[in-house]
Amino acid sequence: MCGILAVLGCSDDSQAKRVRVLELSRRLKHRGPDWSGLYQHGDCYLAHQRLAIIDPASGDQPLFNEDKSVVVTVNGEIYKHEELRKKLANHKFRTGSDCDVIAHLYEEYGEDFVDMLDGIFSFVLLDTRDNSFIVARDAIGVTSLYIGWGLDGSVWISSELKGLNDDCEHFESFPPGHLYSSKSGGFRRWYNPPWFSEAIPSVPYDPLVLRRAFENFWLTGCIKYVYWR
Ligand SMILES: NC(=O)C[C@H](N)C(=O)O
């Protein structure tokens with residue numbers, strides 16, 4: 001568990017705004033006691049409170065791509081990130097963090113890379129080349145996430161409501177399995193498993209198949225540790 005907070009497009013790059021974002025980010029400190037980070041690009045702010053799990057020594061956030069034009073703040077765990085790294089052989093990683101793949105996958109595959117992620121996560125990614133951003137939440141919303149809008153047209157993202165409710169005119173829970181893209185200006189569902197369809201399955205129920213899939217997930221799929229969400 002970590003805490004993420006982002007303020008995007010607030011038309012204010014003053015020291016006072018920076019201090020305010022830091023103050024709000026501190027409200028999430030209980031979610032991540034190991035590190036606090038803030039990255040500012042003009043009137044966009046990405047903050048992170050880290051509970052260090054994978055690569056505690058150098059996986060501090062926000063994380064970047066090679067030339068630091070893409071920035072991400074992530075809460076959660078990306079399962080099988082080593083396999084994703086293999087698909088990014090031409091990329092250089094600065095850290096061993098499971099979340100380090102995100103900026104590089106975006107560079108390689110664009111917004112649709114979210115569908116390649118397996119895990120529990122919520123993140124904000126800022127592309128400083130055109131100031132566009134995307135926000136995503138895991139398939140069933142294991143990690144918490146909220147979105148708000150300021151009167152100045154800014155978009156606010158926070159792991160907890162207390163990070164944005166005082167500064168937003170309107171706020172709501174970020175829908176699980178969805179992605180918010182500034183380019184399209186709205187939400188779209190990225191998680192579309194075949195079983196979402198209303199069709200009655202033609203394959204008969206087989207408890208053994210279910211059991212094997214479940215065991216396989218726990219043996220090979222997820223990162224093995226216990227911690228608070
Ligand atoms: N803990 C987190 O939510 C972020 C990342 N998985 C880390 O280990 O730092």
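Quick caveat: nothing in here was measured; it's all calculated off a predicted structure. Atom set for the values below is all heavy atoms of this structure, side chains included, hydrogens, waters and symmetry mates excluded. Counting begins at 1 with the first residue of the sequence. Atoms within each ligand, like the ligands themselves, are counted from 1 in listed order.
Interface atoms of ligand 1 facing I54, defined by a heavy-atom separation under 4.0 Å, are 7 (C), 8 (O). For ligand 1 and N75, the ligand atoms under 4.0 Å from any heavy atom of the residue are 3 (O). Each of the atoms 1 (N), 2 (C), 9 (O) of ligand 1 lies under 4.0 Å from some heavy atom of L51. Each of the atoms 1 (N), 2 (C), 5 (C), 6 (N), 8 (O) of ligand 1 lies under 4.0 Å from some heavy atom of E77. Those atoms of ligand 1 that come under 4.0 Å of a heavy atom in C2, given as number and element, are 1 (N), 2 (C), 3 (O), 4 (C).
Under the 30°/60° scheme for interplanar angles, the aromatic rings of F187 and W149 are found to stand perpendicular.
Geometrically, ligand 1 and Q61 share no nitrogen or oxygen pair separated by less than 3.5 Å. Among the atoms of G76, some N or O lies under 3.5 angstrom from an N or O of ligand 1. Where the criterion is an N or O separation shorter than 3.5 Å, residue side chain and backbone included, V74 fails it with respect to ligand 1. Taking only nitrogen or oxygen atoms, main chain and side chain alike, C99 does not reach within less than 3.5 Å of ligand 1.
Between K87 and E83 there is no salt bridge, since no side-chain N of the basic residue sits under 4.0 Å from a carboxylate O of the acidic one. Remark: D130 engages K183 in a salt bridge, criterion side-chain N to carboxylate O under 4.0 Å. Between R94 and D60, no side-chain nitrogen of the basic residue sits less than 4.0 Å from a carboxylate oxygen of the acidic one, so the salt-bridge criterion is not met. Using a cutoff of 4.0 Å between basic side-chain nitrogens and carboxylate oxygens, R212 and E215 are not scored as salt-bridged.
Through direct or indirect side-chain contacts shorter than 4.5 Å among Ile, Leu, Val, Met, Phe, Trp and Tyr, L28 is connected to L5, V7, V21, L22, L24, L38, Y45, Y146, W156, L161, L164, F171.
Between the side chains of S25 and Q49, at least one donor N or O sits under 3.5 Å from an acceptor N or O.
The proximity of D98 to ligand 1, defined as any non-hydrogen pair under 4.0 Å, is limited to the side chain.
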